[in-house]
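Heads up: numbering here begins at 1 and tracks the sequence.
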Amino acid sequence: MFLFSALMLNRLSLSPKLFFRYIPSSSISTHRNLFSARFNTNMERCVVRCVPSESKLTISFNLDGSNKQMLREQTEPLGKALARIANSLIKGQNKAKKSRPSETPEARAPEISLRVNETRVPEDTVNARAWQDGAVLRVGGLKYKVELNPPTFTVCELPTSLMAGFPVCPKLELEFGELRDSEFRWFKEGSPDGWMEAGCERVLTPSNLDIGLKVMLKCTPGNGSRFGEPKELVSSGVVEAGPGACSFDNRHMFTQEATDESSLRVVSYNILADIYAQTELSKTVLYPYCAPYALDLDYRQNLIKKELSGYNADIVCLQEVDKGAFGDSLSPALDAFGLDGVFRIKDRQHEGLATYFRRSKLKLLQQYDVMLSEALLTDALHRELLEKVCSSPSLKEKIGSRATMLQVTVLQSLCDPSRILCVGNTHLYWHPKGGNVRLVQIAVALKHMKQIVTEKHPGAGLLFSGDFNSTPSSGLFQLVCEGSVPENHDDWASNGPEEQIQVGLMNPFQLASACGVPAFTNYVGGFQGCLDYIFVEPHVLQVEQVIPLPSLQEVTTCVALPSVSHPSDHIALVCDLKWK
């Protein structure tokens, strides 16, 4: 989180232009029928899911107003599956007979067959071969067109918190399809018996006029020109009022345009994990000035998603990312804005590191994540440093107990494959007296990444960002930016003589702070200072633009951070870097 206080324990707006058209409820049903008509005009659907790597297939169709879903062995003869359908129908008819014994005739099995081009499929054909796309299942006088592995939403959810002026990004997971081929239609509540059409993009940004209204999403999974069954989602809550102006609004004026192929926009941001924001200590001691609702995860995630999307970044390195927030909130949102991401959780923790990259410009080559304490203790690369650390058992124990991770993601430019970037992302030890621990951690991190760019990806450049919990006067900053730190630096004695060791360290890279040394990147009631950095190799990447940080006046509008207009106790670093 942050450092140096005795009390510390540590949205690119793709918003669609809203257009409104009143649609009665009856018309919504008509739309639903039109969607169904896309798949077939004369027959109901029989959806079959059959994946070669699985032993069973699923057969789904509607009959007598209820959905029939069967799980059958792929190697089972077709005749057994058809018999199972017949038995299911007879059971349904017998139930009806019990409720109306005088009216219902004796239940008889209807004629059931599977046909391809009007030819019966032999009943000894195994299921995996029998259920072909376009085949017709006949159940008595009913016909069902078989759709084999159509595009299907496996996850389709709306966020629980909706705010005016902030993007609504559904969580979507798709099988046998592509989100870019899918169709989206948004509606907002109109009158009591109707909805108003509000957008046709993947992301919707409600306006102040929508406050108090629910929204509905009708999304249809697609794969090229093929479409699956649409899903209809209605928000559980209504659109609520947003906070008005946010601390990052002015910054977005500098990032309205995306960078070209010769440049990269990079963001590094500690977004404040929910597990830290929701403690009693945080609410009463660390952030007593922050309204309790503004510490709520759903509220803060709305702000974070809008802030990050508005930066139009190519690489985003996040720290203190809750495991649930990564999968349920951040990734669905950032995916909608063109970013793919990888996550590394801390061992024995519920938060970790996330690195996102723009998929139209970069592709993932490899990951080399490591727990720094584990690397120190087990990797021969750090043998000499380990010997020094072992001279202080208490320091060795403290370092060994830390779950600090280094996330290393190697990316390659799509337009120029010779451009390869090793992206390091970390969040180092927080304690005010932990300068010695951080020196060991940074030494291990730098050496680990040097091995990667030397042996694994020769010629790759380095981009190293994160929350280093170190001020510009620290030994860590001196090591990174000046190239070395002496064995008698004050940080080695940061926690007293018992943990003091004497080690001279050298930086195997030549690095510079891309955003310089801001007055503060962390601003809370008990501490204000610069703890976050984006380090680059100047011979690989040249700084083109540093996005100005919020002013002191903006940061202190609500005393300090976080606040109703800023979702974290840290401030995002944003800069444009040009390939050399």
Side-chain angles (χ1 to χ4, degrees), residues 2-4 268 370-373 375-377 379-400 402 404-406 408 422 424-454 462-518 521-522 529-539:
F2 51 84
L3 182 63
F4 299 139
S268 183
V370 66
M371 185 188 299
L372 295 177
S373 58
L376 173 67
L377 296 173
D379 193 334
L381 186 67
H382 311 294
R383 183 179 296 124
E384 292 183 13
L385 179 58
L386 177 60
E387 290 176 357
K388 294 285 187 178
V389 171
C390 286
S391 67
S392 170
S394 58
L395 177 61
K396 179 186 177 184
E397 181 181 358
K398 179 177 287 185
I399 293 173
R402 307 309 303 172
T404 306
M405 295 296 302
L406 171 68
V408 183
C422 175
N425 181 18
T426 195
H427 182 193
L428 299 185
Y429 184 46
W430 64 272
H431 201 282
K433 295 182 178 181
N436 54 349
V437 175
R438 288 187 288 275
L439 278 174
V440 173
Q441 290 178 333
I442 196 69
V444 172
L446 291 169
K447 210 161 189 179
H448 177 74
M449 290 186 293
K450 184 63 177 180
Q451 185 181 48
I452 292 170
V453 301
T454 302
L462 178 68
L463 173 73
F464 190 17
S465 66
D467 176 359
F468 294 87
N469 272 316
S470 301
T471 64
S473 63
S474 67
L476 181 146
F477 189 84
Q478 180 179 334
L479 172 63
V480 174
C481 291
E482 297 180 21
S484 65
V485 67
E487 62 182 19
N488 62 349
H489 193 281
D490 289 347
D491 277 5
W492 288 121
S494 60
N495 200 37
E498 186 180 356
E499 289 186 5
Q500 184 174 1
I501 61 175
Q502 293 187 326
V503 185
L505 298 174
M506 299 291 294
N507 184 354
F509 297 94
Q510 291 184 336
L511 299 173
S513 176
C515 297
V517 182
T521 62
N522 175 234
C530 180
L531 304 176
D532 306 82
Y533 307 95
I534 298 174
F535 296 118
V536 299
E537 292 183 288
H539 69 279

Start with the C-alpha gap between H448 and L372, add the side-chain angles, then the distance that decides, and say whether side chain to side chain contact (heavy atoms under 4.5 Å, CB included) holds. CA-CA 9 Å; H448 177 74; L372 295 177; 6.0 Å; no
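- Side-chain N or O atoms of S494 include one that pairs as donor or acceptor with a backbone N or O of D491 at under 3.5 Å.
- Residues V440 and W492 are in side-chain contact: their nearest non-hydrogen atoms beyond the backbone lie under 4.5 Å apart.
- Using modelled atom types, no side-chain atom of N436 and backbone atom of A493 make a donor-acceptor pair closer than 3.5 Å.
- Checked against the 6.0 Å centroid criterion, the rings of F477 and Y533 qualify as a close aromatic pair.
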Using the side chain to side chain contact (heavy atoms under 4.5 Å, CB included) rule, take M449 and V408 through it: C-alpha gap first, then chi angles, then the decisive distance, then the call. CA-CA 8 Å; M449 290 186 293; V408 183; 4.0 Å; yes
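- Note that the CD1 atom of I442 and the CG atom of L406 stand 8.5 Å from one another [nearest 0.5 Å].
- Counting only heavy atoms from C-beta outward, the side chains of V437 and K398 approach each other to under 4.5 Å.
- Note that OG of S392 is 12.0 Å distant from CD of Q502, once rounded to the nearest 0.5 Å.
- Pairing each heavy atom of Q478 with each of P486, the nearest pair is NE2-CD, 3.6 Å.
- Within the model, atoms CG of D490 and CD of Q500 stand 9.5 Å from one another, a figure rounded to the nearest 0.5 Å.
- The line from CD of E537 to SG of C422 is 9.0 Å long, rounded to the nearest 0.5 Å.
- Atom CG of residue N495 and atom OG of residue S394 lie 8.0 Å apart, to the nearest 0.5 angstrom.
- Aromatic pair F535/F468: centroids less than 6.0 angstrom apart.
- Annotation for G475 and L439: closest pair C-CD2, 3.7 Å, computed over non-hydrogen atoms.
- V453 places a side-chain heavy atom less than 4.5 Å from the side chain of K450.
- Here the options are L376, L428, N469, the test is side chain to side chain contact (heavy atoms under 4.5 Å, CB included), and the partner is Q441; only L428 passes.
- A donor-acceptor distance shorter than 3.5 angstrom exists from the side chain of R438 to the backbone of H431, with no hydrogens or angles considered.
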What side-chain donor-acceptor pairs closer than 3.5 Å can you find for residues 381-389, not counting sequence neighbours?
none

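- Looking only at side-chain heavy atoms (C-beta outward), L462 and V536 stay at 4.5 Å or farther from each other.
- No donor-acceptor pair closer than 3.5 Å links the side chain of T426 to the backbone N or O of D467.
- Distance CD/E397 to CZ/R402: 12.0 Å, rounded to 0.5 Å.
- Atom CD of Q510 sits in a sparse spot, with 12 or fewer heavy atoms from other residues, nucleotides or ligands closer than 6.0 Å.
- The backbone N or O of L505 sits nowhere less than 3.5 Å from a side-chain atom of S484 that would complete a donor-acceptor pair.
- With hydrogens and angles disregarded, no donor-acceptor distance shorter than 3.5 Å links the side chain of T521 to the backbone of C530.
- Across all non-hydrogen atoms, the minimal contact from C481 to S513 is SG-N, 4.1 Å.
- With respect to L511, the side chain to side chain contact (heavy atoms under 4.5 Å, CB included) criterion is satisfied by exactly one of L479, V480, I534: V480.
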